[in-house]
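A short worksheet on the structure shown next.
Order of the sequence lines fixes the chain letters, A, B, ..., with proteins taken first and strands second; residue numbering starts at 1 for each chain.
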Protein chains: 2
Amino acid sequence: MSATARSSSEIIEIGPLLIIPDEHLARADGRVLVLSIRELRLLTELGRRADRIMPREELFRLVWGREMRSGDRSVDVYVRKLRVKLEDALPGWRFIHTHFGFGYRLAAERSGRSQLDNTAATTE
Amino acid sequence: MSATARSSSEIIEIGPLLIIPDEHLARADGRVLVLSIRELRLLTELGRRADRIMPREELFRLVWGREMRSGDRSVDVYVRKLRVKLEDALPGWRFIHTHFGFGYRLAAERSGRSQLDNTAATTE
DNA sequence: TCGAGTCGTGACGAGGATGTGAAGAAGCTG
DNA sequence: CAGCTTCTTCACATCCTCGTCACGACTCGA
């Protein structure tokens, strides 16, 4: 493994998902997740406020650095892109949850059955 | 350093690839990889930080020993040369991965298959 | 149930970043 | 100096990201 230990490296852990903003990457079970700049920043800002519902306007401000114009769907589109890559990397898990009329919330939950069902989802 | 046997011979192992900076060579399944000085140094610096994304500017600084002029494509060109030789020596493997907008990352992954199959290039 | 608003999703084009082959310069060896 | 290898730079090709749109599915209150 890496012999060099980073002192101030921020690491956000969301279930099996690891977000390491300083290294410009996220990991799923150790595997590197290939994300674009916007995708990683959005995931990071969501991760920093895990379990909290984040309004689109605030996410946009955090990631894009400016005010969101009404009707702008950028956040939705990037949430979609993240969902695809996360589902691809960690099938059986759901991370980005929609709160209708409010925004999005990041949290690791198993998809398919109830959270009580611990049976591993069939991996294709 | 001297030409005598060194006690601290650094050996970097990236899957089936072995980098031995002190001996100015790399090995693929035992076979010696013929690399030029720049190629070996670039591979070494990447290997020393395996599985981490290295920005071009930093790679250039480490290998060339001076600041990179903006627009300089030297790193890209040498990444290409390394890729060709590595593919030649170890077909079916991919080592140098591009992270768009960030830089390059060295890790042993089997090509052809999804990145998800990769078992994070640690020592097996 | 119905309608208005909200969200999911695929696609597209522009612009920028990276891949790639080649040519000439520079260095090395005998 | 001749012949070879390596280094640097360039131009063109290709790929990727981003922002946006359109359309359909969904949600919730009336």
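Between S36(A) and dC18(D), a side-chain N or O to OP1/OP2 separation shorter than 4.0 Å is present. Between Y104(A) and dG8(C) there is a side-chain N or O to OP1 or OP2 distance below 4.0 Å. Taking only side-chain nitrogens and oxygens, R38(B) comes nearer than 4.0 Å to OP1 or OP2 of dT8(D). Note on T98(B): a side-chain N or O is less than 4.0 Å away from OP1 or OP2 of dG19(C). At dC7(D), none of the side-chain N or O atoms of W64(B) fall inside 4.0 Å of OP1 or OP2 (strictly under the cut-off).
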Salt bridge (Lys or Arg N to Asp or Glu O under 4.0 Å) between D72(A) and R56(A), intermediate numbers included: CA-CA 9 Å; D72(A) 194 315; R56(A) 281 180 178 68; over 6 Å; no
Test salt bridge (Lys or Arg N to Asp or Glu O under 4.0 Å) applied to R48(A) and E10(A), step by step: CA-CA 10 Å; R48(A) 282 177 175 153; E10(A) 176 187 14; 2.7 Å; yes
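Base engagement by V77(B) is indicated by at least one non-hydrogen atom pair under 4.0 Å involving a base atom.
In the region residues 42-53 of chain A, proximity to DNA chain C at under 4.0 angstrom, judged on heavy atoms, holds for none of the residues.
When each of F102(A) and H99(B) is assigned the nucleotide of DNA chain C bearing its nearest heavy atom, the one mapping closer to the 5' terminus is F102(A).
In the hydrophobic clustering (ILVMFWY side chains linked at under 4.5 Å, chained through shared members), F102(A) is joined by I53(A).
Side-chain to base pairing of R73(A) with dG8(C): one donor and one acceptor N or O lie within less than 3.5 Å of each other.
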